[in-house]
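What follows is a set of notes on a single structure, which appears directly below.
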Amino acid sequence: MSKFMQGFLQDLKRDLLIDDEWYIDHDDGFEWWPGPYSQRIRMIGPKEFKGMKLYKVSATTKILSIKKKLFGKNRTEQALLLLNRYPLLNSYVYDKKQSVVSICSSCYFPEASKVGYLYWTSISAAFQVALGAIGLELLPELCGGHVFTSNHPARMVRTDLDDLTNIIASLEHKVHEMFSSRIAIEIDKVGKFLNDNTDFLTNYEEDQLTTELPFISEEPAVMKYLNLTDGSPYSETVLLRILTVDQHPKLNEGFLVQISLPIRLSEKCITELNRIETERFYGTHVFGAWTNDHTLGPTHSIFLPFVVYKDNTLLNTVLSMILRSQNVREFTVFPDRLKFC
């Protein structure tokens, strides 16, 4: 492991306030125990991706073991789709082969962007720890299964909970409000970038934005939107939206960024898509999750709480979403390239 990667992981341990007695190092990262469950941090790279050398750092918290025979068909998928409607920088992922549900996130970055992505990695990992603690009571009955406990090699099961498990509750007491002028500035940055650098059909106001992305070809999205195509079943656009949300179930206010696909996918396929994004060197951050919106269809959502927001994050998130729409096209428009459902 390079000195850069070692330094990043050491800084992450510091930001998460991990006690020395509750973590162990691995060749590709570390594992630590905030409670009866553990969180696994992995870092790989640099790898070549579209002309760039990127590192990937991921956080995974296993929280449920699923007992298939005891619960109805698709019960777990249905519950996770519901939970993933309001993602907090993470995705609930179901690995059917291992019969395990995990909370996952990951990001990709060059060395020059270390500081910004160290921040978001630590925030998403901290949210996982808190969600894991909440899930100890709620998820077994909801999803069908029992709590996934993990033994520390030397100390067995941790019975107390790390202070970090209260991170969501502590943030709820902080001031969430972002001035409307700052919201407008962040959305204006995105709108101007899209209008200046793409041919997407983009409209925006002070507190929201919508844009249409091409889904299969290089034909301008505006042409697709006007249906001036040859009648291809894949001529529709991907809808990207930015909304200003003031009643998120976990952290009240923030930006909600979504892309919605113009196709239908089964519950099984959508839950599998969440798993694929976490496991592959995907090139786009896994902050947020796929679910099924009954009006818009398969939808990926990322919620950026105002209470932890940093400047320019909204633009970077939108760029990641654009790349995600291109990646998922490979799975859905060309299913022969990767059979996943």
Side-chain angles (χ1 to χ4, degrees), residues 47-52 54 56 84 87 89 91 105-110 113 116-117 120 124 186-205 208-225 229 234-244 254-263 265 270 273-274 276-278 280-291 293 296-304 309-334 337-338:
K47 283 191 174 184
E48 193 79 19
F49 183 82
K50 297 189 176 182
M52 300 180 291
L54 299 179
K56 175 184 178 181
N84 280 333
L89 294 177
S91 173
S105 63
S106 60
C107 66
Y108 299 79
F109 60 94
S113 300
Y117 288 109
W120 286 110
S124 63
E186 292 296 306
I187 290 182
D188 187 64
K189 288 178 187 176
V190 177
K192 286 183 176 178
F193 179 90
L194 294 176
N195 283 332
D196 292 344
N197 296 279
T198 75
D199 55 13
F200 303 161
L201 183 65
T202 302
N203 294 289
Y204 62 98
E205 301 174 3
Q208 60 184 316
L209 177 147
T210 62
T211 188
E212 304 277 346
L213 315 178
F215 192 55
I216 186 172
S217 71
E218 299 303 320
E219 182 181 12
V222 65
M223 296 294 288
K224 291 181 176 295
Y225 185 74
T229 63
Y234 299 112
S235 62
E236 300 91 343
T237 58
V238 170
L239 175 65
L240 186 152
R241 301 191 302 166
I242 300 173
L243 304 173
T244 306
F255 291 116
L256 181 65
V257 185
Q258 296 181 317
I259 55 170
S260 300
L261 304 180
I263 57 175
L265 292 176
I270 295 173
L273 189 53
N274 280 318
I276 288 172
E277 286 199 354
T278 63
R280 302 180 79 220
F281 198 90
Y282 202 62
T284 183
H285 316 305
V286 183
F287 291 146
W290 286 99
T291 187
D293 186 293
L296 299 173
T299 297
H300 191 282
S301 302
I302 298 177
F303 178 67
L304 302 171
Y309 187 80
K310 297 287 188 181
D311 287 345
N312 297 316
T313 299
L314 187 61
L315 176 58
N316 291 331
T317 300
V318 167
L319 295 178
S320 176
M321 285 295 223
I322 293 172
L323 180 57
R324 168 171 281 107
S325 72
Q326 296 170 351
N327 288 340
V328 75
R329 180 179 60 184
E330 298 296 310
F331 307 148
T332 56
V333 177
F334 307 107
R337 299 185 183 181
L338 179 63

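Numbering of residues begins at 1 and proceeds along the displayed sequence.
Within the 4.5 Å cutoff, side-chain heavy atoms of Leu261 are placed close to those of Val238. A heavy-atom distance below 4.5 Å is not found between the side chains of Cys107 and Val286. Contact of the Phe255 side chain with the Thr317 side chain is not registered, since no non-hydrogen atoms from C-beta on lie closer than 4.5 Å. Here the side chains of Leu265 and Trp290 are not in contact, with every heavy-atom distance at 4.5 Å or above. The side-chain heavy atoms of Thr210 and Leu201, taken from C-beta on, include no pair separated by under 4.5 Å.
The side-chain hydrogen bond (donor to acceptor under 3.5 Å, both in side chains) test applied to Gln326 returns no partner, not counting sequence neighbours. The side-chain contact (heavy atoms from CB on, under 4.5 Å) test applied to Thr291 returns Leu81, Asn84, Arg85, not counting sequence neighbours. For Phe281, the ring-ring contact (aromatic ring centres under 6.0 Å, His included) test picks out Tyr108, with sequence neighbours left out. Scored by the salt bridge (charged side-chain N to carboxylate O under 4.0 Å, His left out) test, Lys189 finds Glu186 as partners (sequence neighbours excluded). Residues passing the side-chain hydrogen bond (donor to acceptor under 3.5 Å, both in side chains) test with Thr284 are Ser320, sequence neighbours excluded. Residues satisfying the side-chain contact (heavy atoms from CB on, under 4.5 Å) criterion with Thr299, sequence neighbours excluded, are Gln258, Ser260, Asp293, Leu296, Ser301. With sequence neighbours excluded, the residues satisfying side-chain contact (heavy atoms from CB on, under 4.5 Å) with Leu315 are Val190, Phe193, Leu319. For Phe109, the ring-ring contact (aromatic ring centres under 6.0 Å, His included) partners are Phe8, Tyr117, not counting sequence neighbours. Residues passing the ring-ring contact (aromatic ring centres under 6.0 Å, His included) test with Phe287, sequence neighbours excluded: His285. In terms of the side-chain hydrogen bond (donor to acceptor under 3.5 Å, both in side chains) criterion, residue partners of Thr202 (sequence neighbours excluded) are, by chain and number, Thr211. Evaluation of the side-chain contact (heavy atoms from CB on, under 4.5 Å) rule for Asp188 yields Lys192, Tyr204 as partners, not counting sequence neighbours.
The distance from atom CG of Leu54 to atom NZ of Lys47, rounded to the nearest 0.5 Å, is 11.0 Å. The CG atom of Leu213 sits 5.0 Å away from atom OG of Ser325, with the distance rounded to the nearest 0.5 Å. In this structure, CZ in Phe49 is found 5.0 Å from CG in Leu323, a value given to the nearest 0.5 Å. Here the CG-CG distance, from Asp199 to Leu194, works out to 11.0 Å after rounding to the nearest 0.5 Å.
When every heavy atom of Arg280 is checked against every heavy atom of Lys56, the shortest pair comes out as O-NZ, 3.0 Å. Nearest heavy-atom pair, Val257 versus Met321, reported as atom, atom and distance to 0.1 Å: O-CE, 3.4 Å. Of all heavy-atom pairs between Gly288 and Ser91, the closest is O-CB, 3.3 Å.
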Practice prompt. Evaluate the criterion side chain to side chain contact (heavy atoms under 4.5 Å, CB included) for residue pair Phe200 and Thr237; output intermediate values, then yes/no.
Written response: CA-CA 10 Å; Phe200 303 161; Thr237 58; over 6 Å; no

